[in-house]
Amino acid sequence: MDELKETNSAASKSRCSPPTSAPEEYLGMENLMFVYCSCKVIWTVLVTILGYASSLPVGDDSLCTAEELAKYKIIFTGKWSQIAFPKQYPLYRPPAQWSSLLGVTHSSDYSMWKKDEYASNGVRDFAEKGEAWVLMKEIEEAGEKIQSVHGIFSAPAISSGTGQTSTELEVHPRHPLVSFVVRIVPSPDWFVGIDSLNLCEGDHWMEEVSVDLFPYDAGTDSGFTFSSPNFATIPQDTVTEITCSSPNHPANSFYYPKLKILPPIAQVTMVKIKKSQLGLSAPFINLPAKSNEITDTVSETPLDCEVSQWSSWGLCRGVCRETGTKIRTRFVLLQPANNGMPCPHLDEETGCEPENCV
């Protein structure tokens, strides 16, 4: 057996290295053979490395080496109350509510939506009308083309501004990211959501994570208020976060110039589901509050009174050759709430000289 190894080694050496003493022509051929063998080895190493790299996400997220799969309970909590958001709060036709939640677990090769980038047709339809078909098709196509999607998940709608809905999702080491959207109803194209939240931390999955959610504008409709009619944004704008001062317009439903930051309009919590000894998922204890209503305390957002411009002055009333009076009026545009600035006087009187006196 040892003799056979020595023979093979000698044969390999004779193929890939030139002999010490040989004719010049023979030496040239052997040198070429030696270069060929070296290139072949380097090529094999490169192919091996590239083959491994091709199975990893192309993004900059760190490599996840956690256990193969993990399941999470995701709880979405609406905090859109009239106390926290008193301005133009929708009370009917339709009242404040949330659409169904649509989400996906994926790798960094896929993006459902991203701040400061253009929304896809699917996100546009979902943000404007709550229609999910185009968005689901986009997700499925991304999964088929580049294997960037692990699974789609959804949760039922909430029929009021405050309440909870929940579902389960599954993540994989190659697909550790979570994204979702929930439409604000009613609104032009406003939504809340998460973009590519990584549930993996190196070699383990996070046990629990909570994120406060704030409103976003999909950039496809130019309405300022919750009940604005459809008015397409042409050309389309990028996805932007709505703040208490942006858009900087008093008509905007989220315009609160006295605040530094809006209170969270919603919150999402994801809790890793532990497996029992029997291999079954352990029950989740923190269930939604009774009647789907949350019992969380909310800070009151002060809302100042808003009034119209003054009308023109009325006719001067009074006796001729004596000082008369004339009046102008204004009306309330927005009633104050939560200890906001009260409304000023709605009429004003001044002296005048009566006209058309004989």
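Along the sequence shown, residues carry numbers from 1.
The two atoms that bring P173 and C64 nearest to each other are O-CB, 3.4 Å, heavy atoms only. For the residue pair T233 and G219, the shortest heavy atom distance occurs at CB-O, 3.7 Å. Across every non-hydrogen atom of S166 and A155, the tightest pair is O-CB, 3.8 Å. Taking every heavy atom of both residues into account, W98 and G161 meet most closely at NE1-O, 2.8 Å. Heavy-atom minimum distance, V307 versus P344: CG1-CD, 3.8 Å. The minimum heavy-atom distance linking P186 with A96 is given by the pair CD-CA, 4.3 Å.
The aromatic ring centroids of F254 and F224 lie 6.0 Å or more from each other.
Screening S179, S111, S148 for a side-chain hydrogen bond (donor to acceptor under 3.5 Å, both in side chains) involving H106 leaves a single residue, S179.
Around atom CG of L346, more than 12 heavy atoms belonging to other residues, nucleotides or ligands sit under 6.0 Å away. For K114, the NZ atom counts as densely surrounded, since its 6.0 Å shell holds more than 12 non-hydrogen atoms of other residues, nucleotides or ligands. The number of heavy-atom neighbours closer than 6.0 Å to CG of L91, taken from other residues, nucleotides and ligands shown, is above 12. Taking a 6.0 Å sphere around CZ of R317, one finds it holds 12 or fewer heavy atoms contributed by other residues, nucleotides or ligands.
E168 has no carboxylate O lying under 4.0 Å from a charged side-chain N of K73, or vice versa, which leaves the two without a salt bridge. Using a 4.0 Å cut-off between charged nitrogen and carboxylate oxygen, K115 and E241 count as a salt-bridge pair.
I184 is listed as a side-chain neighbour of P215, based on a closest heavy-atom distance under 4.5 Å. Residues Y256 and S245 have side chains not in contact (no heavy-atom distance under 4.5 Å, counting atoms from C-beta outward). Residues Y255 and C244 are not in side-chain contact: their nearest non-hydrogen atoms beyond the backbone lie 4.5 Å or more apart. No side-chain heavy atom of Q164 sits under 4.5 Å from any side-chain heavy atom of F76. Residues M270 and I75 form no side-chain contact, since every pair of their non-hydrogen atoms from C-beta on lies 4.5 Å or further apart. With a 4.5 Å cut-off on side-chain heavy atoms, R330 and S308 count as touching. With contacts defined as side-chain heavy-atom distances shorter than 4.5 Å, the pair L213/I194 qualifies.
Under the 3.5 Å distance criterion, with hydrogens and angles disregarded, no donor-acceptor pair is assigned to the side chains of E117 and T238. Remark: the T220 side chain and the E128 side chain contain an N/O donor-acceptor pair separated by less than 3.5 Å. A donor-acceptor pair shorter than 3.5 Å can be found between the side chains of E138 and S120.
E201 pairs by the side chain to side chain donor-acceptor pair (under 3.5 Å) definition with H204, not counting sequence neighbours. Annotation: side chain to side chain donor-acceptor pair (under 3.5 Å) contacts of E170 (sequence neighbours excluded): H150. Take C316 and apply the disulfide bond (SG atoms under 2.5 Å apart) test, not counting sequence neighbours, and it matches C352.
Counting side-chain heavy-atom gaps under 4.5 Å among Ile, Leu, Val, Met, Phe, Trp and Tyr, W313 is found in no cluster with other residues. Grouping Ile, Leu, Val, Met, Phe, Trp and Tyr by side-chain contacts under 4.5 Å, direct or through others, puts M136 with L102, V104, Y110, M112, W113, V123, F126, L135, I139, V149, I152, V181, F191, Y216, V239.
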Stepwise side-chain contact (heavy atoms from CB on, under 4.5 Å) test for R124 and V134: CA-CA 9 Å; R124 177 200 64 200; V134 177; over 6 Å; no
Residues T77, V268; criterion side-chain contact (heavy atoms from CB on, under 4.5 Å); working and verdict: CA-CA 6 Å; T77 304; V268 65; over 6 Å; no
side-chain contact (heavy atoms from CB on, under 4.5 Å) between V209 and T269, intermediate numbers included: CA-CA 6 Å; V209 58; T269 301; over 6 Å; no
H172/E68 under side-chain contact (heavy atoms from CB on, under 4.5 Å): CA gap, chis, key distance, verdict: CA-CA 6 Å; H172 186 275; E68 188 173 354; 4.1 Å; yes
Pair Q97-S160, side-chain hydrogen bond (donor to acceptor under 3.5 Å, both in side chains): steps then yes or no: CA-CA 4 Å; Q97 56 190 278; S160 61; over 6 Å; no
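Proximity of a side-chain donor or acceptor of T65 to a complementary backbone N or O of G202 within less than 3.5 Å is detected. Judged by distance alone, with hydrogens and angles left aside, the side-chain atoms of Q147 form a donor-acceptor pair with the main-chain N or O of E144 at under 3.5 Å.
Cluster annotation: W190 is connected to V211 through the hydrophobic network of ILVMFWY side chains, with a link wherever side-chain heavy atoms come within less than 4.5 Å. Hydrophobic clustering keeps I242 apart from Y118 (ILVMFWY residues linked when any side-chain heavy atoms are closer than 4.5 Å, directly or through intermediates). Residues F231 and V185 do not share a hydrophobic cluster, clusters being chains of Ile/Leu/Val/Met/Phe/Trp/Tyr side chains in contact below 4.5 Å.
Interatomic distance, F180 CZ to L197 CG, rounded to the nearest 0.5 Å: 9.0 Å. In this structure, L101 CG and T165 OG1 are separated by 7.0 Å, a value rounded to the nearest 0.5 Å. Here OG1 of T243 is found 8.5 Å from CG of N248. Values are rounded to the nearest 0.5 Å. Atom CG of residue D195 and atom CG of residue L177 lie 9.0 Å apart, to the nearest 0.5 angstrom. Atom OG1 of T105 and atom CG of L69 lie 10.0 Å apart (nearest 0.5 Å). From Y72, atom OH reaches atom OG1 of T167 across 15.5 Å, with rounding to the nearest 0.5 Å.
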Just list the side-chain donor-acceptor pairs under 3.5 Å for residues 82-90, sequence neighbours left out, or say none.
unit_1 : atom_1 : unit_2 : atom_2 : d
K87    : NZ     : P250   : O      : 2.4
K87    : NZ     : N252   : O      : 3.1
Q88    : OE1    : S253   : OG     : 2.4
Q88    : NE2    : A251   : O      : 3.3
Y89    : OH     : W80    : O      : 2.8

